[in-house]
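Structure, as structure tokens:
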Amino acid sequence: MSNQLPPKPRTPAKVVKRVIILLAVVALYVWTFSSVNINWERVFSERTLENINRIIPQFFDPAWAETGTILVKMVETIFIAYTGSLAAAVLAIPLAFLCASNMVKNKFLNTIGMWILGAVRAFPEIILAIIFVAAVGPNPFAGVLAIAIGSTGMLGKLYSEVIESIDMNIIEALEASGANKMQILFYGIMPQVLPEFLSYAIYRFEIDVRASSVLGIVGAGGIGTLITFAYLNRNWDEVGMILLVIIIAVTIIDQISGFIRRRLV
């Protein structure tokens, strides 16, 4: 005899519900495309096809002569991402403890902490970069600040969820044995949360490398500066070389960080 359960009968109500959902999704897509005012005639015009046939082949014929300059800027991009991610990983810890309801048993303070993290996450890194470029000038430091502030919001949220999921029995046992606050922190809380803290920080570093690649477009340093110059000068072969370097660098970093995160968790 088969162990498979018999198929659930399709009632008219379920069929109508699925049809309504399908129509709603289709209507949403139609409304979205109609509201962005896409000029389909221009998209499929002969000039557009000529531009594609002229530009795309240059992407696959990269400017190898610019490899040295591009690699220097790629290293700068990685340094921006690393410094910003490291700062965010540290800044997110106190905010995470403030948001964790099992650590700070004050709803008002928990709410304030969540508002801070929510407000920080509301700003994309490119917007933060524009603000910091105006504040400290067009240099890599502006990119570091943008990455640090932007990453703090995400890491703080993830850290707080990790803290709230710890085994409180260990904390209670330490308190019963007379341990003080610092001993509870270092022997009861941090051993439980540190592996996941490090895993999330490394994962965020992966994301920040990608984000740092475009911050140079607004003057925040990194390889994005070269992308801007190459685009303005219509050097599509140089753009192709830049994209190739970014793809290789991001792939290597993803593989290494993925291996480290698997070992940690």
Side-chain angles (χ1 to χ4, degrees), residues 28 32 35-36 76-166 168 181 185 189-190 192-225 228 250 253 257 261 265:
L28 180 62
T32 302
S35 62
V36 295
E76 182 179 274
T77 299
I78 295 172
F79 285 167
I80 291 172
Y82 174 76
T83 308
S85 300
L86 181 61
V90 175
L91 292 173
I93 293 176
L95 289 172
F97 276 93
L98 182 64
C99 296
S101 58
N102 58 340
M103 294 290 113
V104 177
K105 301 183 185 301
N106 185 309
K107 292 293 184 181
F108 177 75
L109 293 178
N110 294 152
T111 303
I112 292 297
M114 295 301 294
W115 281 356
I116 293 172
L117 295 179
V120 171
R121 293 198 306 274
F123 291 92
E125 284 83 0
I126 193 72
I127 301 299
L128 293 171
I130 293 173
I131 295 172
F132 286 121
V133 165
V136 302
N139 53 62
F141 183 54
V144 171
L145 292 176
I147 292 296
I149 300 301
S151 299
T152 299
M154 173 185 168
L155 289 178
K157 174 66 173 175
L158 294 174
Y159 285 2
S160 66
E161 293 177 355
V162 172
I163 295 171
E164 289 181 337
S165 65
I166 66 174
M168 293 300 294
K181 296 293 185 183
L185 175 64
I189 300 174
M190 295 309 294
Q192 296 189 68
V193 302
L194 192 57
E196 291 194 65
F197 276 16
L198 292 174
S199 177
Y200 283 133
I202 294 171
Y203 177 65
R204 184 64 205 189
F205 170 65
E206 297 178 26
I207 299 173
D208 288 339
V209 171
R210 301 182 184 93
S212 301
S213 301
V214 298
L215 296 185
I217 294 175
V218 296
I223 202 168
T225 306
T228 302
V250 169
I253 290 171
S257 63
R261 283 189 288 110
V265 177

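Keep in mind it's a predicted model, so treat the numbers as computed, not measured.
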Note to self: Any heavy-atom pair between the side chains of Ile189 and Phe97 that's under 4.5 Å?
What the structure shows: yes

Item checked: Main-chain N/O of Gly113 paired with Asn110 side-chain donor or acceptor, under 3.5 Å -> no

Next item on the list: Verify the neighbour count for atom OH of Tyr203: are there more than 12 heavy atoms of other residues, nucleotides or ligands below 6.0 Å?
Entry: no

Next item on the list: Report yes or no: does Thr77 contribute a side-chain atom to a donor-acceptor pair with the main-chain N or O of Ile223 at less than 3.5 Å?
Entry: yes

Checklist line | Tyr82 side, atom OH; Leu86 side, atom CG - distance, nearest 0.5 Å | finding: 5.0 Å

Next item on the list: Answer yes or no: is there a side-chain heavy-atom contact under 4.5 Å between Val120 and Leu95?
Entry: no

Next item on the list: Measure from the side-chain N and O atoms of Ser199 to the backbone N and O of Pro195, and report whether any donor-acceptor pair falls under 3.5 Å.
Entry: no

Checklist line | Check: Arg204 and Leu158 side chains under 4.5 Å, non-hydrogen atoms | finding: no

Margin query: For the backbone of Val162 and the side chain of Ser165, can you confirm whether one donor and one acceptor N or O come within less than 3.5 Å of each other?
Written below: yes

Check: How many angstroms lie between atom CZ of Phe132 and atom CD1 of Ile127, to the nearest 0.5 angstrom?
Finding: 12.5 Å

Note to self: Looking at Glu164 and Asn102, would you say the former's side chain and the latter's main chain have a donor-acceptor pair under 3.5 Å?
What the structure shows: no

Next item on the list: With rounding to the nearest 0.5 Å, note down the distance linking CD1 in Ile93 to OH in Tyr159.
Entry: 6.0 Å

